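For reference, the structure discussed in these notes is given below.
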Amino acid sequence: MSDNKFYTLIPFFVFVAVFLGSGIALDNFYQLPSPIAISLGIITAFVLFYKTPINDRITALIEGCGDSKIITMCLIYLLAGAFATITKAIGGVDAMVNIGLQYIPVAYLGVGIFVISCFLSLSIGTSVGTIVALGPIVVGLAEKTGSSMGLLCGALLGGAMFGDNLSIISDTTITATQTMGCEMKDKFKANFKIAIPAALLTIVVLVFMKNDAVDVALTIDEHANYVLLIPYVLTIVLALVGIQVFVALFLGILSAGIIGLVQADFDLVGLANHTYDGFTSMTEIFLLSMLTGGLARMIEQQGGIVWILRSMQKRIRTSKGAVFGIVSLVSGIGVCMANNTVSILVAGNLANDVATEYKLNRPYVASVLDIFACIVQGILPYGAQILILLSFTDKKLGYLELVSQGYYFAFLFLVTVFYMVFFRKEVQTA
C-alpha cells in the first residue's frame with residue numbers, strides 16, 4: 001500500500017464540503033444539521049475503505065464513537081445544557097442584564113455592555129445565547145442614546161466571545177479540554193492569562209471612546225433579584241477551586257432548581273422537563289461529537305492521522321512551530337466550518353497527537369486551540385454570531401463597521417501571538 005495516505009482524508013473533506021456548500025447555497029450555515037453532514041463523511045469512509053473488512057470498519061466507528069473522552073465530553077454537554085436551560089427559566093439571564101444596566105453611566109455604555117456580555121457569556125457558556133439575550137437591548141440603547149451602534153455591537157460581540165472561549169460550560173472549552181486530555185481548571189488558568197489582558201486592553205480603548213454627547217438616564221428593572229446570580233457564581237467558583245466539572249455543574253443545576261422551586265417558577269415536574277429540555281438542546285453537538293470521533297477513528301485506522309503527523313513533522317522543527325501548526329489547522333478548519341466547536345472537535349485529535357509528539361503543555365495548547373477557533377468565528381461574515389447580531393440592527397449596521405470595532409478580537413490575537421512567540425516556557429512542559 002502506498003505511503004501517501006492523503007486519500008484517507010477524503011471522508012473528512014466530504015464532511016467539510018457538504019457543511020460548507022450547504023451553508024453557502026442555503027445562505028445559512030445552520031440549516032443543514034451537522035450530524036447529517038458528518039454522516040455523509042462516514043458513509044464515504046465505508047465506501048472508500050472497502051479493502052478493510054466491513055466488520056473492522058464498523059468496529060472502528062463504534063470504538064471512536066464510544067471513546068471515553070468523547071463520552072465524557074457528551075455527558076458534560078448534557079449537564080451544561082440543563083444548567084443553561086434551568087437558570088434561564090428562573091430568570092437568571094434577565095436578572096444579570098438588568099442588574100448590570102442599572103449601574104452603567106451612559107457615557108461609558110460601550111464599557112458596560114462589554115463587561116456585562118463578558119460576565120453573561122462566562123456564566124451561560126454561549127456566545128450566541130449572549131447575543132440573543134443582549135442584542136435587542138444593545139441596539140435599542142444605541143438608538144435611544146445616539147451612541148455608535150457599531151461600537152456598542154462590537155463590544156457585545158467581543159464580550160460574547162470572551163465567555164465562549166473561557167467559560168467552563170462552553171462547548172468550545174469542554175471540547176478543547178477533553179480532546180487535549182487536560183483539566184478544566186488548568187485550561188482556564190492558562191486561558192485566563194491571555195484573555196484577561198486582552199479584555200483589559202479592550203476596556204481601556206472603550207473608556208477613551210466614551211460618548212460625551214448624550215445624557216440619558218437608563219431605566220431598566222429596579223427590582224432585579226440578586227439571588228438568581230447564585231447558580232452562576234457558584235458554578236464558576238467551584239470550577240476554579242478545582243472541583244470536578246461534573247460536580248460543579250450538578251451543584252449549579254441543583255441550586256438553580258431549588259431557587260426555581262422556592263420562587264414557584266416551576267414544580268418538580270417542571271424542573272424535570274426543563275432539565276430534559278436542556279439535554280435535548282445539546283442533541284446536535286452530542287451526535288456530532290460522537291460521529292466525529294467515529295470518523296476520526298476510521299481515518300486513524302487507515303493511517304491517515306500518522307500521515308498528517310509525518311507531513312507536519314517535515315515542516316515543524318521546534319515546539320513553537322508545532323503550536324503554530326495547530327493554530328493554522330484549527331483556523332483553517334474554522335473558516336471552512338463556520339463553527340468554532342466543530343473546528344476544535346475536528347482538529348482536536350490531531351492537536352493531541354502533536355502535543356504528545358512535541359511534549360507540549362496541554363492546558364496551554366487547549367487554550368490556544370480554543371482562542372483561535374473563537375477569533376475566527378468572531379470575525380467570519382457568515383458566522384452565526386455576526387449574522388444574528390446584524391439581523392437585530394435592521395440593516396442599520398454593516399459587517400465591516402461591526403468587525404472594525406470588535407476591538408477584543410484584535411487584542412486577543414495580538415496577546416496570544418505575543419505569548420506564543422516570547423513565552424517559550426508556556427509551550428513546553430517542565
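For this chain, numbers begin at 1 and follow the sequence in order. Owing to the predicted nature of the structure, the values given are computational and were not obtained by experimental measurement.
The backbone N or O of Leu157 lies less than 3.5 Å from no partner atom in the side chain of Gln385, so there is not a single donor-acceptor pair. Distance alone, capped at 3.5 Å, places no donor-acceptor pair between the Thr44 side chain and the Pro11 backbone. In this structure a side-chain-to-backbone donor-acceptor pair under 3.5 Å is missing from Thr85 to Ala82. Of the possible polar contacts, none joining the Ser343 side chain to the Ile333 backbone as a donor-acceptor pair under 3.5 Å is found. No side-chain donor-acceptor contact under 3.5 Å links Lys187 to the backbone of Cys182. In this structure a side-chain-to-backbone donor-acceptor pair under 3.5 Å is present from Tyr419 to Lys193. For Thr173 (side chain) and Ser167 (main-chain N/O), a donor-acceptor pair under 3.5 Å exists by modelled atom type. Between the side chain of Ser367 and the main chain of Asn191, a donor-acceptor pair closer than 3.5 Å is present. Between the side chain of Ser22 and the main chain of Phe19, a donor-acceptor pair closer than 3.5 Å is present.
Crowding of Phe246 atom CZ: a count of heavy atoms from other residues, nucleotides or ligands under 6.0 Å exceeding 12. Glu401 CD: more than 12 foreign heavy atoms inside a 6.0 Å radius. Counting non-hydrogen atoms of other residues, nucleotides and ligands closer than 6.0 Å to OH of Tyr399 gives a total above 12.
One distance of note links CD1 of Ile90 with CD1 of Ile259; it measures 4.5 Å at 0.5 Å rounding. In this structure, the separation between OG1 on Thr179 and CD1 on Ile174 is 11.5 Å, given to the nearest 0.5 Å. Note: Cys118 SG to Met161 CE = 11.5 Å, rounded to the nearest 0.5 Å. Distance OG1/Thr292 to CG/Leu345: 4.5 Å, rounded to 0.5 Å. Rounding to the nearest 0.5 Å places CG of Leu249 at 5.5 Å from CD1 of Ile168. In this structure, CG on Leu271 lies 9.0 Å from CG on Leu254, to the nearest 0.5 angstrom.
Side chain to side chain, Ser170 and Asp164 meet the donor-acceptor criterion of an N or O pair below 3.5 Å. Between Gln302 and Thr52, the side chains place a donor N or O and an acceptor N or O closer than 3.5 Å (distance only, hydrogens not considered). Judged purely by distance below 3.5 Å, without hydrogens or angles, the side chains of Glu183 and Thr177 never pair a donor atom with an acceptor atom.
Using a 4.0 Å cut-off between a side-chain N of Lys or Arg and a carboxylate O of Asp or Glu, Asp186 and Arg362 do not qualify as a salt bridge.
Phe49 has its side chain within reach of Thr8: a pair of non-hydrogen atoms, C-beta onward, lies under 4.5 Å apart. In this structure the side chain of Ile71 reaches within 4.5 angstrom of the side chain of Leu75, judged on heavy atoms. Proximity of Phe372 to Thr416: side-chain heavy atoms (C-beta onward) are separated by under 4.5 Å at one or more points. Phe413 places none of its side-chain heavy atoms less than 4.5 Å from the side chain of Ile371. Side-chain contact check for Ile386 versus Leu402: some heavy-atom pair is nearer than 4.5 Å.
Nearest heavy atoms, Ser127 versus Ala160: CB-O, 3.4 Å. When all heavy atoms of Met420 and Val323 are compared, the closest pair comes out as CE-CG1, 3.7 Å. Residues Gly348 and Leu369 come closest through the heavy atom pair CA-CD2, 4.3 Å. For the residue pair Val18 and Leu32, the shortest heavy atom distance occurs at CG1-CD2, 3.6 Å.
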key: Steps toward side-chain contact (heavy atoms from CB on, under 4.5 Å) verdict (Leu78, Phe83)   = CA-CA 9 Å; Leu78 295 181; Phe83 177 80; over 6 Å; no
inquiry  = Between Leu151 and Tyr407, does the side-chain contact (heavy atoms from CB on, under 4.5 Å) criterion hold? Intermediate values first, please.
reply    = CA-CA 9 Å; Leu151 179 67; Tyr407 301 110; 3.9 Å; yes
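Classified by interplanar angle (parallel below 30°, tilted 30° to 60°, perpendicular above 60°), the ring pair Phe162/Tyr408 is perpendicular. A tilted orientation is assigned to the rings of Phe6 and Phe13, their planes being inclined by 30° to 60°.
With sequence neighbours left out, Phe266 forms a ring-ring contact (aromatic ring centres under 6.0 Å, His included) with His274.
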